[in-house]
Protein chains: 2
Amino acid sequence: MKSALNPLARSSQNNYYRRLFTDCQHPLKNFDSLAKIESFSRGQEICNAAQSVECWYFLLSGAARRCAIRSDGHRQIVDLLLPGDFFGLAFGEQSDATIESVAGNTVVASYPRRRIEVLADSDPKIARELREIAFKALSRMQTQMLILGRITATEKVGSFILEMAARLSNGDTEAVALPVSRYDIADYLGVSVETVSRALSDLKRRGAIKLLSTRTVSVVHREVLEDRERDLKAIGRWGKLAH
Amino acid sequence: MKSALNPLARSSQNNYYRRLFTDCQHPLKNFDSLAKIESFSRGQEICNAAQSVECWYFLLSGAARRCAIRSDGHRQIVDLLLPGDFFGLAFGEQSDATIESVAGNTVVASYPRRRIEVLADSDPKIARELREIAFKALSRMQTQMLILGRITATEKVGSFILEMAARLSNGDTEAVALPVSRYDIADYLGVSVETVSRALSDLKRRGAIKLLSTRTVSVVHREVLEDRERDLKAIGRWGKLAH
DNA sequence: CGAGTGGTTGAAATCCGTCAAGAATAGTGG
DNA sequence: CCACTATTCTTGACGGATTTCAACCACTCG
């Protein structure tokens with residue numbers, strides 16, 4: 001237990017998390033008893049390359065980031081983990097990525113990898129569920145690659161907001177609470193912090209979003225974030241030409 | 001069989017591919033008898049979203065691209081498939097990606113997804129191998145995400161060349177035969193065609209690579225492609241300052 | 001031969017990263 | 001609760017990098 005709380009509060013907290021865990025539906029439900037529940041404060045390392053070989057993780061609350069340091073010294077966030085996500089599966093051996101918590105109160109259940117694998121060998125249903133989990137991770141990465149491939153920074157930020165809306169609030173775009181700082185968004189999207197900030201201001205000025213607080217976004221015109229950045233621009237040019 | 005060859009040549013070709021197949025080592029080796037071997041000419045669609053639910057594929061020779069069309073009309077290449085790669089696993093249901101062959105003579109083995117899954121249920125070894133395949137796909141995507149996150153276009157192109165060298169010729173950098181056009185490279189790296197072309201010219205001018213033909217690259221100074229773009233620049237600046 | 005595709009290069013406008021400064025917010029200790 | 005500090009966020013200015021638009025060359029295929 002890496003929490004900074006005192007032992008008493010810790011144990012009470014732990015019980016609370018355990019309840020939260022048992023109430024939660026997920027593919028490895030039957031192994032709740034094997035899982036160890038840990039709580040992390042903001043910025044703490046959940047696991048590094050060495051540990052990730054031994055455990056698989058399930059994120060209960062908060063948020064976490066999987067980081068890699070590029071050779072040019074820049075940090076890159078390769079995956080953003082939100083409640084309901086599994087992680088730690090992909091890297092059989094290599095992968096120097098470390099996983100850190102980003103939100104204040106990040107709770108994680110960790111499963112002993114070896115034991116789950118042995119169980120999977122004897123129960124095809126579990127094996128199937130593990131596959132399902134891996135496929136979901138693949139789908140997450142593909143979504144992000146589509147965002148990273150987008151051309152303008154405003155498009156990237158727009159897609160990011162919509163992704164968060166979809167993953168956090170099941171598509172509700174009234175009030176999306178971004179779980180990460182601008183710096184994290186920047187490293188996730190492959191742009192600079194200033195550009196993220198500017199893109200948000202830009203979207204706000206154009207009335208596409210409202211900033212309820214610095215980290216809470218309300219989507220007003222989904223279309224603008226969604227895609228047609230370019231088309232709208234073209235229409236704008238047409239308008240000028242017509243005039 | 002979607003090949004454009006006449007029936008006679010087709011069958012002879014097919015036998016050749018079948019031999020090529022049985023000589024090849026891969027995790028689903030025991031199911032060669034279940035696999036259907038197909039050959040595709042350049043630009044042909046191997047499978048679309050609907051079909052990918054039914055089959056898993058193994059690429060024997062040639063190359064293929066997994067594409068998604070973004071809402072702004074731009075195509076993006078989400079994954080590049082080379083000999084030895086499995087594909088089609090990730091997308092249980094959604095994913096509007098289509099897979100097209102990019103090389104002239106692309107040969108693919110397709111496994112009936114349902115039957116493999118049933119077999120996996122009865123044999124844990126197969127289930128394990130399927131997981132292995134999924135993890136390999138995850139690793140591929142992560143590699144690309146690190147490339148996409150890089151800042152300058154020259155770095156992206158450099159990383160791309162090294163990735164191709166590693167995947168195609170087992171790290172041999174003497175003569176890397178790029179299996180795709182500049183347009184494909186551009187859509188894969190998220191930059192424009194002209195930028196790819198310029199980056200290659202730039203690397204050539206600086207003596208980091210040689211272009212044996214338009215699509216065959218020889219790596220002369222691996223360090224330049226590898227990473228230190230930025231460091232070298234910094235040294236350059238220092239040099240100026242010292243001067 | 002002409003049309004089409006793929007590749008390269010140039011010039012202009014735009015976008016973004018960097019540097020720098022300020023504003024807003026959170027965290028800390030008194 | 002307040003001051004004080006550190007962090008996070010925003011905005012401006014500037015230069016460099018990339019996109020876009022355009023022209024041109026090489027090659028293939030009918």
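So you know, we letter chains A, B, ... as the sequences are listed, proteins then strands, and number each from 1. No hydrogens, no waters, no symmetry mates; every other heavy atom, side chains included, goes into these values.
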Give me the one residue out of B:R167, B:R66, B:R65, B:K136 that meets salt bridge (charged side-chain N to carboxylate O under 4.0 Å, His left out) with B:D85.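 Answer after filtering B:R167, B:R66, B:R65, B:K136: B:R167.
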For [X] and [N], what is the distance between atoms [atom1] and [atom2] respectively, to the nearest whole Å?
X: A:L211; N: D:dT10; atom1: CG; atom2: P; result: 7 Å
X: A:I151; N: C:dC15; atom1: CD1; atom2: C1'; result: 12 Å
X: B:I185; N: D:dT18; atom1: CD1; atom2: C1'; result: 17 Å
X: A:D202; N: D:dT11; atom1: CG; atom2: P; result: 11 Å
X: A:D184; N: D:dT7; atom1: CG; atom2: P; result: 15 Å
X: B:R215; N: C:dG6; atom1: CZ; atom2: P; result: 8 Å
X: A:K156; N: C:dC16; atom1: NZ; atom2: C1'; result: 10 Å
X: B:R150; N: C:dC16; atom1: CZ; atom2: C1'; result: 18 Å

What is the distance from atom CD1 of B:I46 to atom OH of B:Y57, rounded to the nearest 0.5 Å? 8.0 Å
Taking only side-chain N and O atoms of [X], does any of them lie within less than 4.0 angstrom of OP1 or OP2 on [N]?
X: B:S201; N: C:dT9; result: yes
X: B:T214; N: D:dA26; result: no
X: B:T152; N: D:dA17; result: no
X: A:R42; N: C:dA26; result: no
X: B:R198; N: C:dT8; result: no

Classify the nucleic acid contact of [X] as base, sugar-phosphate or nothing, counting any heavy atom under 4.0 Å across all strands shown.
X: A:V196; answer: nothing
X: A:S192; answer: base
X: B:V193; answer: nothing
X: B:S181; answer: sugar-phosphate

From the set [options], return the single nucleotide nearest to any side-chain atom of [X].
X: B:V191; options: C:dG6, D:dT19, D:dC9; answer: D:dT19
X: B:E194; options: C:dG17, D:dT8, D:dC21; answer: D:dC21
X: A:H74; options: C:dG6, C:dT18, C:dT9; answer: C:dT18

Shortest non-hydrogen contact from A:R18 toward A:I37: CA-CD1, 3.8 Å
Does the side chain of B:S41 pick up a donor-acceptor pair with the side chain of B:Q44 at under 3.5 Å? yes
Pairing donors with acceptors under 3.5 angstrom, does anything connect the side chains of A:Q76 and B:R150?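 No, B:R150 and A:Q76 have no side-chain donor paired with an acceptor closer than 3.5 Å.
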